[in-house]
S.K.: 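To start, I am sharing the structure in question, which I have written as structure tokens.
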Amino acid sequence: MLSTPVPEPDLRPGWAGEPKWDGFRAAVSVDAGRVLLRSRRGTEMGPAFPEVVAGAVQLPDATAMDGELVVWDAAGRLAFERLQNRLARRGAGAVRTAEEWPAHFVAFDLLRLSGTVTTGWPYWRRRAALESVFAARRLFAPWALCPSTTDPDTVREWLSWASVGMEGVVFKRLTDAYKPSVRGWQKYKNAMNCS
């Protein structure tokens, strides 16, 4: 799904908010040991991110997630420039870079779970299932679960995270299905991060 910009960071009733990450939007799927890591436009990204592909053994088979690839620096800030440098790397160069600047996949939506397509489920149900996968499988790096809230105070707190490279907040209606290529989400970008 895609998002439409909004001028105010107001979390309305019936909606959830999630931090907006400064990274590369990606989808990961696992089918019978085959891992696909693709950009929003369908470009295969797996060779540039071998640590994410290798980490897919933690996921249930026939599962797909939507999320953001990010790299954190030693100070805990998002390091988008380190992420950009990863795209051209392949083979041994990609492995070396992954060891120095490992990427994480911050999952924010569940598209398929153990063969069941979940895109028709409402957001609240997909979110609960995504949280359940993280808890039941005890997922660890390179996997990270994107925070989600229905509390306006938490959204305001996230907006203060600009110092660590957060771009803003994404808003999702709790009852909406996941519709690929549809602008059903809303995003508010921090003025400090707008370029």
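Given the structure is predicted, the values throughout are model-derived calculations rather than measurements.
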S.K.: May I ask you to test the F108-V170 pair for a side-chain heavy-atom distance under 4.5 Å?
M.R.: no
S.K.: Say whether V6 and V169 are linked into one hydrophobic cluster, either directly or through other cluster members, by side-chain heavy-atom distances under 4.5 angstrom.
M.R.: yes
S.K.: With a 4.5 Å cut-off on side-chain heavy atoms, are F171 and K187 touching?
M.R.: no
S.K.: Looking only at heavy atoms, what is the nearest atom pair of D31 and R112, with distance?
M.R.: OD1-NH1, 2.7 Å
S.K.: Is there any salt bridge (charged side-chain N to carboxylate O under 4.0 Å, His left out) pair reaching into residues 7-19, and which pairs are they, with sequence neighbours excluded?
M.R.: E18-K172
S.K.: Are the side chains of L59 and M65 in contact, using a 4.5 Å heavy-atom criterion?
M.R.: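 Sidechains of L59 and M65: in contact.
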S.K.: Between P47 and A94, what is the shortest heavy-atom contact and its length?
M.R.: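 Closest pair (atom of P47, atom of A94, distance): O-CB, 3.4 Å.
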S.K.: Return yes if some donor-acceptor pair links the side-chain N/O of R90 with the main-chain N/O of L87 below 3.5 Å, else return no.
M.R.: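 Judged by distance alone, yes, a pair lies under 3.5 Å.
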S.K.: If you measure from CD on E167 to CG on L78, what distance do you get to the nearest 0.5 Å?
M.R.: 8.5 Å
S.K.: Compare all side-chain heavy atoms of L69 with those of L37 and state whether any distance is below 4.5 angstrom.
M.R.: yes
S.K.: Residues two or more places apart in sequence or in another chain: which of them pass side chain to side chain donor-acceptor pair (under 3.5 Å) with R125?
M.R.: none
S.K.: With hydrophobic residues grouped by side-chain heavy-atom distances under 4.5 Å, do F24 and V70 end up in a single group?
M.R.: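 F24 does not cluster with V70.
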S.K.: Who are the side-chain contact (heavy atoms from CB on, under 4.5 Å) partners of T175, not counting sequence neighbours?
M.R.: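 If we apply the side-chain contact (heavy atoms from CB on, under 4.5 Å) test to T175, skipping adjacent residues, the hits are R173.
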S.K.: Are the side chain of R86 and the backbone of W101 linked by a donor-acceptor contact shorter than 3.5 Å?
M.R.: yes
S.K.: Taking D176 for the side chain and Y123 for the main chain, is one N or O donor matched with an acceptor at less than 3.5 Å?
M.R.: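 Judged by distance alone, no pair lies under 3.5 Å.
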S.K.: Side-chain heavy atoms nearer than 4.5 Å, only ILVMFWY residues, links allowed to pass through others: does that put L113 and L139 together?
M.R.: yes
S.K.: Return the minimal non-hydrogen interatomic distance between L174 and A16, and the atom names on each side.
M.R.: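 Shortest heavy-atom contact: CD2-CB, 3.8 Å.
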S.K.: Heavy-atom distance under 4.5 Å between the side chains of F140 and Q58, does that happen here?
M.R.: yes
S.K.: Within the 4.5 Å heavy-atom criterion, are V28 and W143 side-chain neighbours or not?
M.R.: yes
S.K.: Show me the pairs that pass salt bridge (charged side-chain N to carboxylate O under 4.0 Å, His left out) and involve residues 136-158, at least two apart or across chains.
M.R.: D153-R156
S.K.: Can you run down the side-chain hydrogen bond (donor to acceptor under 3.5 Å, both in side chains) pairs that involve residues 59-76, sequence neighbours left out, and say none if there aren't any?
M.R.: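 Every pair satisfying side-chain hydrogen bond (donor to acceptor under 3.5 Å, both in side chains) with a residue in residues 59-76: R25-D66, D66-Y178.
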S.K.: Counting only N and O atoms by type, is there a donor-acceptor contact under 3.5 Å from the side chain of T118 to the main-chain atoms of L110?
M.R.: yes
S.K.: Partners of R82 by salt bridge (Lys or Arg N to Asp or Glu O under 4.0 Å), sequence neighbours excluded?
M.R.: none
S.K.: Is the backbone N or O of W121 less than 3.5 Å from a side-chain atom of R126, with the two atoms forming a donor-acceptor pair by type?
M.R.: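 Yes.
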S.K.: With a 4.5 Å heavy-atom cut-off, do K20 and N190 have their side chains touching?
M.R.: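 No, side chains not in contact.
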S.K.: Could you tell me whether a side-chain N or O of E51 sits under 3.5 Å from a main-chain N or O of P142, the two making a donor and an acceptor?
M.R.: no
S.K.: Find out whether F49 and R89 are in side-chain contact, i.e. whether some heavy atom of one side chain is under 4.5 Å from a heavy atom of the other.
M.R.: no
S.K.: Ignoring hydrogens and angles, tell me if any N or O in the side chain of T97 forms a donor-acceptor pair with the backbone of G93 under 3.5 Å.
M.R.: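 Flag set: sc T97 to bb G93 pair under 3.5 Å.
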